[in-house]
Amino acid sequence: MTAKARANWIMLTCFGMILFLCIGQRHSFGLYLRPMTMDLGWDRATFSFAIALQNLMWGISQPFTGMLADRYGARRIFIAGGICYALGLYGMSQASTGVGLAASAGLLVGIAQSCTGFGIVYGAVGKMVSAEKRGTALGIVGAFGSLGQFTMLPASQALIGHLGWAHALLIGSGACLLMVALAFGTSAPTAAKAEAAGQSMGQALRQAFRHQGFLLLTLGFFACGFQLAFIATHLPAYLADQGLRPAVGVTALAIVALANILGTYLCGYFGERFSKKYLLAAIYGVRGVALAAFVMLPVTPLTTYLFAAVMGLIWLGTVPLSNGVVGQIFGYQYISMLYGFVFLSHQLGSFLGVWLGGVLFDLTGNYQAVWAIAIGLSAVAAIISLPIDDRAVQLEPAHA
């Protein structure tokens with residue numbers, strides 16, 4: 001292995017470990033729903049709103065952190081995100097009111113996730129590798145996020161069980177500071193070269209929002225966010241309401257993460273060889289079938305684990321594919337910014353999935369209405385993915 005190849009692998013590992021910590025912690029928040037609401041006397045809507053706000057803030061801030069990463073490089077954004085993540089988890093451990101939970105778990109952690117999540121990591125990796133290897137590289141780095149979910153879910157559950165939820169959050173806060181150290185092992189080109197070539201950031205943004213395929217991709221990603229955030233936050237509580245042991249929910253989410261290690265890599269790999277938009281449509285279609293089957297069948301450990309395995313194979317596969325479609329159409333000069341707007345739609349869906357899950361449960365005593373919405377959104381997303389025009393466009397110069 002050459003020195004350059006070795007350096008690239010080290011850098012990919014640092015990118016992957018940042019995603020490991022970000023996504024692993026993000027998918028652990030559902031484990032805190034029951035213990036926190038029971039200890040503090042909150043209803044589920046209070047907790048759900050804070051996590052929904054987290055998803056919303058991630059989405060709202062993603063285009064802006066993407067712009068900063070494209071302009072100044074990803075390293076500074078990772079450092080800021082690691083500090084915000086640690087502060088947010090610390091504040092969550094000390095929260096005694098819904099407002100305090102919303103400020104810490106919602107605002108701070110949401111901004112932190114936009115700095116350390118897919119938008120910045122994938123943008124930096126996409127600029128680092130060649131077009132021929134880009135899909136595989138994105139799949140490898142995305143698999144780190146799934147590995148983080150698989151590892152940190154049982155670890156968080158064990159910490160909650162042995163030390164309590166507050167101490168578990170404090171340990172998570174310390175772990176997130178590792179992102180600051182990992183950031184120094186990363187680098188990514190800035191937008192200076194792109195602007196020298198003649199296209200400004202504003203021009204790239206205007207061109208994207210006039211592109212029908214970009215808008216369809218953005219709308220379809222809303223469904224992905226709704227489904228994943230609802231399941232990640234409410235599935236453990238849903239299973240417990242059905243009389244299953246808490247361990248079943250943790251195991252189900254761990255299976256999702258384990259299957260997604262392979263699934264994310266395969267989606268990146270196949271995205272290099274087949275049409276990304278057709279793969280996206282297929283993923284949304286399979287999700288709809290899996291959701292419908294899970295709701296209609298009796299809820300048992302076996303059906304839950306089968307559902308988790310199917311969902312896991314396609315859990316985060318939409319992320320490298322959607323990022324790849326944006327790069328395929330517009331190039332990678334401003335990928336972090338442009339994908340940030342696509343991801344904003346994802347997070348609007350996440351906000352509604354988490355929040356409506358809590359609100360509709362408090363109103364009806366069950367989650368059936370939210371499952372129905374999730375199934376319907378799969379059908380819509382699959383249909384609108386098919387006509388996306390994913391051909392590369394001619395970049396418009398800044399002074400056109």
Side-chain angles (χ1 to χ4, degrees), residues 15-33 36 47-48 50-62 65 78 81-82 84-93 101-102 104-122 141-157 159-160 165 168-169 171-173 175-179 182 224-236 249-250 253-254 256-257 260-261 264 311-312 315-316 318-319 343-344 346-347 349-351 353-355 357:
F15 283 127
M17 285 305 300
I18 290 172
L19 206 56
F20 176 102
L21 293 166
C22 174
I23 302 303
Q25 186 60 59
R26 183 216 178 190
H27 281 87
S28 301
F29 286 116
L31 303 178
Y32 294 91
L33 190 155
M36 287 191 71
F47 184 91
S48 297
I51 304 304
L53 181 62
Q54 175 191 113
N55 285 279
L56 184 62
M57 286 306 303
W58 185 356
I60 291 174
S61 58
Q62 188 68 80
T65 55
F78 290 145
C84 282
Y85 222 135
L87 290 175
L89 292 180
Y90 173 79
M92 186 177 175
S93 73
L101 185 68
S104 56
L107 292 174
L108 271 177
V109 174
I111 293 172
Q113 289 170 344
S114 79
C115 294
T116 57
F118 295 110
I120 307 301
V121 171
Y122 276 12
V141 172
F144 272 88
S146 304
L147 183 61
Q149 182 182 349
F150 175 72
T151 304
M152 294 181 71
L153 273 168
S156 296
Q157 181 64 42
L159 289 172
I160 292 170
W165 57 266
L169 286 167
I171 293 173
S173 175
C176 285
L177 286 176
L178 293 173
M179 296 181 189
L182 290 165
C224 180
F226 186 98
Q227 295 161 341
L228 269 56
F230 167 66
I231 293 171
T233 304
H234 291 281
L235 182 63
V250 178
L253 292 178
V256 168
N260 195 48
I261 296 172
T264 303
M311 290 295 294
W315 186 257
L316 294 177
T318 57
V319 180
F343 197 74
L344 171 58
H346 183 284
Q347 294 308 99
S350 297
F351 172 84
V354 175
W355 181 61

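Note: hydrogens, waters and symmetry copies are ignored here, and every other heavy atom, side chains too, is used. The residues of the chain are indexed from 1 along the displayed sequence.
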Inset, instruction - Would you please say whether a donor-acceptor pair under 3.5 Å links the side chains of Gln25 and Tyr85? - result: no
Could you state the interatomic distance from [atom1] ([X]) to [atom2] ([Y]), rounded to the nearest 0.5 Å?
{"X": "Ile18", "Y": "Cys115", "atom1": "CD1", "atom2": "SG", "answer": "11.0 Å"}
{"X": "Ile171", "Y": "Leu159", "atom1": "CD1", "atom2": "CG", "answer": "4.5 Å"}
{"X": "Trp165", "Y": "Ile160", "atom1": "CH2", "atom2": "CD1", "answer": "10.0 Å"}
{"X": "Leu87", "Y": "Leu107", "atom1": "CG", "atom2": "CG", "answer": "13.0 Å"}

Are [X] and [Y] packed together at the side-chain level, in the sense that at least one heavy-atom pair is separated by less than 4.5 angstrom?
{"X": "Gln113", "Y": "Ile23", "result": "no"}
{"X": "Arg26", "Y": "Gln54", "result": "yes"}
{"X": "Leu182", "Y": "Leu21", "result": "yes"}
{"X": "His346", "Y": "Phe226", "result": "no"}
{"X": "Met92", "Y": "Val109", "result": "no"}
{"X": "Trp315", "Y": "Ile231", "result": "yes"}

Inset, instruction - Check step by step if side chain to side chain contact (heavy atoms under 4.5 Å, CB included) holds for Phe78 and Phe15. - result: CA-CA 10 Å; Phe78 290 145; Phe15 283 127; 3.6 Å; yes
How close do [X] and [Y] get, heavy atom to heavy atom, and via which atoms?
{"X": "Leu19", "Y": "Gly142", "answer": "CD2-CA, 4.0 Å"}
{"X": "Gly110", "Y": "Ser61", "answer": "O-OG, 4.2 Å"}
{"X": "Cys224", "Y": "Thr318", "answer": "SG-OG1, 3.1 Å"}
{"X": "Thr116", "Y": "Ala112", "answer": "OG1-O, 2.9 Å"}
{"X": "Leu53", "Y": "Phe351", "answer": "N-CD1, 3.8 Å"}
{"X": "Thr233", "Y": "Leu33", "answer": "O-CD1, 3.9 Å"}

Legend entry - Residues that Phe20 engages under ring-ring contact (aromatic ring centres under 6.0 Å, His included), provided they are two or more places apart: none
Using the test side-chain hydrogen bond (donor to acceptor under 3.5 Å, both in side chains), find all partners of [X] that sit at least two apart in sequence or belong to another chain.
{"X": "Gln347", "value": "Asn55, Ser350"}
{"X": "Ser93", "value": "none"}
{"X": "Trp355", "value": "none"}
{"X": "Gln62", "value": "Trp58, Thr65"}

Just by modelled atom types, is the [Y] backbone N or O under 3.5 Å from a matching donor or acceptor in the [X] side chain?
{"X": "Ser114", "Y": "Ile111", "answer": "yes"}
{"X": "His234", "Y": "Val354", "answer": "yes"}
{"X": "Thr151", "Y": "Leu147", "answer": "yes"}

[X]: what forms a side-chain contact (heavy atoms from CB on, under 4.5 Å) with it, not counting sequence neighbours?
{"X": "Thr264", "value": "Tyr122, Ser146, Asn260, Leu316, Pro320"}
{"X": "Leu177", "value": "Ala86"}
{"X": "Ser156", "value": "Ser28, Leu31, Tyr32"}

